[in-house]
Amino acid sequence: MKFEITVEDLCHWLADAVVDGPRDAVLTGIATLADAAPGDISFLGNPRYSAQLSGCRASVVLVPAAESAQPAPGQAFVRVANPSAALGRICEQLAAQSVVTRQPGIHPTTIVAASARIDPTAHIGPLCVVEDGAVIGAGAVLVAQCFVGRAAQVGELTELRARVTIEYGCIIGARCLLHSGVVIGSDGFGFDSRRDGHHKIPQVGIVLVEDAVEIGANCAVEHARFVRTTIGRSSKLDNLVHIGHNVQVGPHNLLCGQVGIAGSSKTGAFVTMAGQVGVVGHVELGDRVMIGGQAGVTKNFPAGSIINGTPARPMKERMRSEARVAKLEQLYARVARLEAALGAGGPPPASSTLPACDLSTDE
Amino acid sequence: MKFEITVEDLCHWLADAVVDGPRDAVLTGIATLADAAPGDISFLGNPRYSAQLSGCRASVVLVPAAESAQPAPGQAFVRVANPSAALGRICEQLAAQSVVTRQPGIHPTTIVAASARIDPTAHIGPLCVVEDGAVIGAGAVLVAQCFVGRAAQVGELTELRARVTIEYGCIIGARCLLHSGVVIGSDGFGFDSRRDGHHKIPQVGIVLVEDAVEIGANCAVEHARFVRTTIGRSSKLDNLVHIGHNVQVGPHNLLCGQVGIAGSSKTGAFVTMAGQVGVVGHVELGDRVMIGGQAGVTKNFPAGSIINGTPARPMKERMRSEARVAKLEQLYARVARLEAALGAGGPPPASSTLPACDLSTDE
Amino acid sequence: MKFEITVEDLCHWLADAVVDGPRDAVLTGIATLADAAPGDISFLGNPRYSAQLSGCRASVVLVPAAESAQPAPGQAFVRVANPSAALGRICEQLAAQSVVTRQPGIHPTTIVAASARIDPTAHIGPLCVVEDGAVIGAGAVLVAQCFVGRAAQVGELTELRARVTIEYGCIIGARCLLHSGVVIGSDGFGFDSRRDGHHKIPQVGIVLVEDAVEIGANCAVEHARFVRTTIGRSSKLDNLVHIGHNVQVGPHNLLCGQVGIAGSSKTGAFVTMAGQVGVVGHVELGDRVMIGGQAGVTKNFPAGSIINGTPARPMKERMRSEARVAKLEQLYARVARLEAALGAGGPPPASSTLPACDLSTDE
């Protein structure tokens, strides 16, 4: 984003700031200690990078109050209790500045069905399509080129970025943010497979996205066979996540990039899935389950489970198993030694008929 | 979806229905036994849930003809031979009711090139782009905001949901359903990698989607280097599937969510891939191959193979290998015992120089 | 693609071509030896397919100069030094022919903010949205239905296919190609997770896509928390790739389909990732690292590493470990034999208390 602020602005935003150096810089960027140039704000987030302070070219550096280094000529240190937290506050202020107030109203190029109900405080940007019976709530924003199907609902203060699809009858709660390319409510993937092919099973349910949910770019959520697919309150989905039909994602879940959950599975509250996790259909995960990256979940796990791998198992069990595999080279050596020992002093081991532990041909 | 039906409607749709209870309910939803409220239809699909019948608040419950439980006051049981099948028939009827008849014609906001040929019975919704020489067949539907590139063809009765892209020259058969966000015919990923970088290899082929194919939301299918990438007749792709250039997906395949198939691979008929399966380039899979979730297929497999894991192997072989790994703890103990035994009574095992089976430091 | 060329055209494009047979065919397709029909060009790319030459129905077949087989009646062999390279040259020529010259100008259905700067040589197709302060460079092409947010920049000669989103402030370099459905600059996935839920951390950075980058259909790249997410010069991304916030993809990377890279990770030059690779956050990969399909990268790897598996390890190490696991059946047998031998002649092995190597119950 583009911005232009002063040292005074920083002091205004950071209650505990003490400026050590000139106050006249105009600040237009944020950069790491190594990358910063004049005009940038930088910060010492971790004391182990303090050696980089001496060469840093930023106009302003956020440093801990007790930092012993001194600013370069023309540079200001802004001393604060917690430079990372201070940077966070600055970003919040900059983000707030950059919010465009989107004026209420419907862009003239947007196609709105006569029976759709658009709250007068909503902003419907250009080139959208809002079909029969759709409802758009107070203060909602459709940035541009969105599609809201028949009888679908978009809750108050919810924002659909450019090119979002909400299919027939789906319900999006209040204060949600759906990123560009999201598709909510495509048909559930349900077929009756017979000898002559796969016959479509009618899917008459919807998708319910509860309040305060964020859904990343190009995610796809299928509607239910009947009743509904649910994304629980305040859950956050990263990019390219796939949610199958009748899935029930609980509240406060964090689903990282490219996670996929197959039909009818259900998660508790505060479940976390790292990137590319896959969950098979019809399983249930308790509250606060944590799943490692690329894990493949094939059965139920109770609340608090920490699991990974394919098939997913409790982390400790899997680590123990991996440690055993890692020590196999030693085990082969131990067995060879036993064989040698027995060959020397014990009964005949018939070792010549035993395969040798020779891996060379497999490599 | 929204609906409003009566018990009489159900009896009309279900030939074998016997109503046990009042017939005056107005039904507006479908729910599980546990979740149902007055106004809902529920069903006992599996006898092991029959204990839930007593507390169920649905106005109507589909139960097996022989079910011994009785409806609650004001509630009706509809006794049928197969409650699940009966619910399926109800959903079919509801789905048929909900189909909007999209009127033939081209929405005035759609941009159609002069040389494009649109069948007069096709429905082209708002804000689409149909380029030079494109052909749209009889009864085809483009819901809204679709892009059909030069010389591309969309077959009769095929439906493109909102925001679908068909690139230059690609051919979509009859009676297909492409969900929102699908991209057919982006460039094949082919580069000539040299020391100075990756040079694009021209990709002049197309994508051919045969008849009766369904493709899920945000799938992406690349066009061929030359000739064509093919999605075979009646195959079904779930959301976010990636199909590389020159791939030949056979007829009646089921590709679940987030499957990826790399360039030039080929599948037989009735191949099934569970979610997140990956197939490398240039392999061939026979008819009816079944592939477990997240498997990574690195070589050919003959017809009828059931495979999983990365690299994918026949299921039985992999299960045997996993069982052996699972028993490693016991094997370590057995070897330790042998060493102890030999140390006591056999030849010197030199056990002090052998590493102990101590996993504690690895956990 | 559609084309219509003659044998003379081929001779014109291929300096070393010697025609053996009639020169009057009109050529309209390219096909393999097995699939070709009259009117097609085919080719013998690999001598081991030469047996297929006899039945091939193509009008023209590219063969090595020294090929001993003779064309069928009415068929021409075009003898060249390298048939595959010759076919490549033909495809290049056909691709060049098929390029549509998109006329400079802005389609009247496109919405362009007054403060946007569009180079007069750029082509802005129908139904796009270009917001305040956006900049579109010389010769750039937006095919149709694209969204270019406030202050975003699209470099000269860059092409955005249909339905591409460039969010607020993001910068796309020169000579890039972004395929349909791409989203550049959705919000970084950053939350402050507390007991009461996940609170959004403002993300005020951008995405910088350097020159000559190609990005596949439906890819999604998140903008940075601050500063920028970078896709390095001349890197190529296949379909459905996910790039997290603050990631730095180096120059000349090849990221195959469905790769995902989590926040703040960094790759060197000429890094290659096969399909469905996942990289966790905050790791660093050196130049020319090569990563096998579906690998899960959990730590740094130096330049030149060849790695695979989850967690990813050097290829050789992993192959050795897999070979040991593959030989476990033999190891179990060897230990059983040692136990038997000791039972016969050594100290008492107490073998009756040891679990037998019986896998049958696990299968």
Notebook entry, point to check: Is a side-chain N or O of C/N218 found less than 3.5 angstrom from the main chain of B/N218, in a donor-acceptor match?
Noted result: yes

Next item on the list: Check each atom of B/V129 against the heavy atoms of chain C and say whether the ones under 4.5 Å are side chain, backbone, both or neither.
Entry: both

Next item on the list: Apply side chain to side chain contact (heavy atoms under 4.5 Å, CB included) to the pair C/L94 and B/F226, showing each step before the final yes or no.
Entry: CA-CA 10 Å; C/L94 293 173; B/F226 41 82; over 6 Å; no

Margin query: Looking at chain C, which one of B/C146, B/A151, B/G185 has the largest number of heavy-atom pairs inside 4.5 Å, strictly under?
Written below: B/C146

Margin query: Keeping B/E167 on the side-chain end and C/S180 on the backbone end, is there a donor-acceptor pair under 3.5 Å?
Written below: no

Next item on the list: Report the distance from atom CZ of B/R320 to atom CD of C/E329, rounding to the nearest 0.5 Å.
Entry: 7.5 Å

Check: Between C/L87, C/D40, C/D35, which residue shows the highest count of heavy-atom pairs closer than 4.5 Å to chain B?
Finding: C/L87

Item checked: Toward chain C, the part of B/R195 with a non-hydrogen atom under 4.5 Å -> backbone

Margin query: Please check this pair: side chain of C/Q145 against backbone of B/R163, looking for a donor-acceptor N/O pair closer than 3.5 Å.
Written below: no

Next item on the list: Take C/R161 and B/T165 through the side chain to side chain contact (heavy atoms under 4.5 Å, CB included) test and state the conclusion after the steps.
Entry: CA-CA 10 Å; C/R161 295 278 164 87; B/T165 294; over 6 Å; no

Next item on the list: Could you pull out the closest heavy-atom pair between B/V183 and C/A217, with the gap in Å?
Entry: CG1-CB, 3.8 Å

Margin query: Is B/V259 in contact with chain C via its backbone, its side chain, both, or neither, using a 4.5 Å heavy-atom distance?
Written below: backbone

Notebook entry, point to check: Are B/S186 and C/N239 close enough that some pair of their side-chain heavy atoms sits under 4.5 Å apart?
Noted result: yes

Margin query: Under 4.5 Å from any heavy atom of chain B, what part of C/I41 do you find: side chain, backbone, both or neither?
Written below: neither

Next item on the list: Supply the atom-to-atom distance C/C91 SG to B/Q203 CD, rounded to the nearest 0.5 angstrom.
Entry: 8.5 Å

Check: Which heavy atom of C/K236 sits nearest a heavy atom of B/F191, and at what distance?
Finding: CD-CE2, 3.6 Å

Notebook entry, point to check: Between B/L328 and chain C, which part of the residue has a heavy atom less than 4.5 Å away: side chain, backbone, both or neither?
Noted result: both

Note to self: Going by the rule ring pair (Phe, Tyr, Trp, His ring centres under 6.0 Å), which residues pair with C/H252 if we only count those two or more places apart in sequence or in a different chain?
What the structure shows: C/F270

Next item on the list: Check whether B/C219 gets within reach of chain C through its side chain, its backbone, both or neither, counting any heavy atom under 4.5 Å.
Entry: backbone

Next item on the list: Using a cut-off of under 4.5 Å on heavy-atom pairs, state which of B/I201, B/D192, B/V164 scores highest against chain C.
Entry: B/V164

Next item on the list: Find the distance between OG1 (C/T109) and CG (B/L127) and round it off to the nearest 0.5 Å.
Entry: 8.5 Å

Check: Heavy-atom distance under 4.5 Å to chain C: side chain of B/S193, backbone, both or neither?
Finding: side chain

Next item on the list: Ignoring hydrogens and angles, tell me if any N or O in the side chain of C/Q258 forms a donor-acceptor pair with the backbone of B/Q258 under 3.5 Å.
Entry: yes

Checklist line | B/V277 portion near chain C, given a 4.5 angstrom heavy-atom threshold | finding: backbone

Next item on the list: Look up atom CD in C/E92 and atom NZ in B/K200, then write down how far apart they are to the nearest 0.5 Å.
Entry: 12.0 Å

Next item on the list: Using a 4.5 Å cut-off on heavy atoms from C-beta on, say whether the side chain of C/T32 contacts that of B/V227.
Entry: no

Note to self: Can you tell whether the side chains of C/R102 and B/E131 come within less than 4.0 Å, N to carboxylate O?
What the structure shows: yes

Notebook entry, point to check: With a 4.5 angstrom heavy-atom cut-off, which part of B/A152 approaches chain C: side chain, backbone, both or neither?
Noted result: neither

Check: How far does CD of B/Q294 sit from CD of C/Q294, to the nearest 0.5 angstrom?
Finding: 7.5 Å

Notebook entry, point to check: Contact part of C/I30 toward chain B, heavy-atom cut-off under 4.5 Å: side chain, backbone, both or neither?
Noted result: both

Margin query: With a 4.5 Å cut-off on side-chain heavy atoms, are C/L338 and B/R334 touching?
Written below: no

Check: Mind checking whether C/H179 and B/D187 have side chains closer than 4.5 Å, heavy atoms only?
Finding: yes

Next item on the list: Take B/E222 and C/D238 through the side chain to side chain contact (heavy atoms under 4.5 Å, CB included) test and state the conclusion after the steps.
Entry: CA-CA 10 Å; B/E222 295 179 358; C/D238 202 355; 2.2 Å; yes

Check: Got B/V241 and C/L240 here, is their nearest side-chain heavy-atom distance under 4.5 Å?
Finding: no

Next item on the list: Against chain B, label C/L177 side chain, backbone, both or neither, depending on which of its atoms sit under 4.5 Å from a heavy atom there.
Entry: side chain

Item checked: Distance-minimising heavy-atom pair for B/A341 and C/L342 -> CB-CD1, 4.3 Å

Next item on the list: Using the side chain to side chain contact (heavy atoms under 4.5 Å, CB included) rule, take B/F189 and C/L254 through it: C-alpha gap first, then chi angles, then the decisive distance, then the call.
Entry: CA-CA 10 Å; B/F189 191 68; C/L254 276 185; 4.0 Å; yes

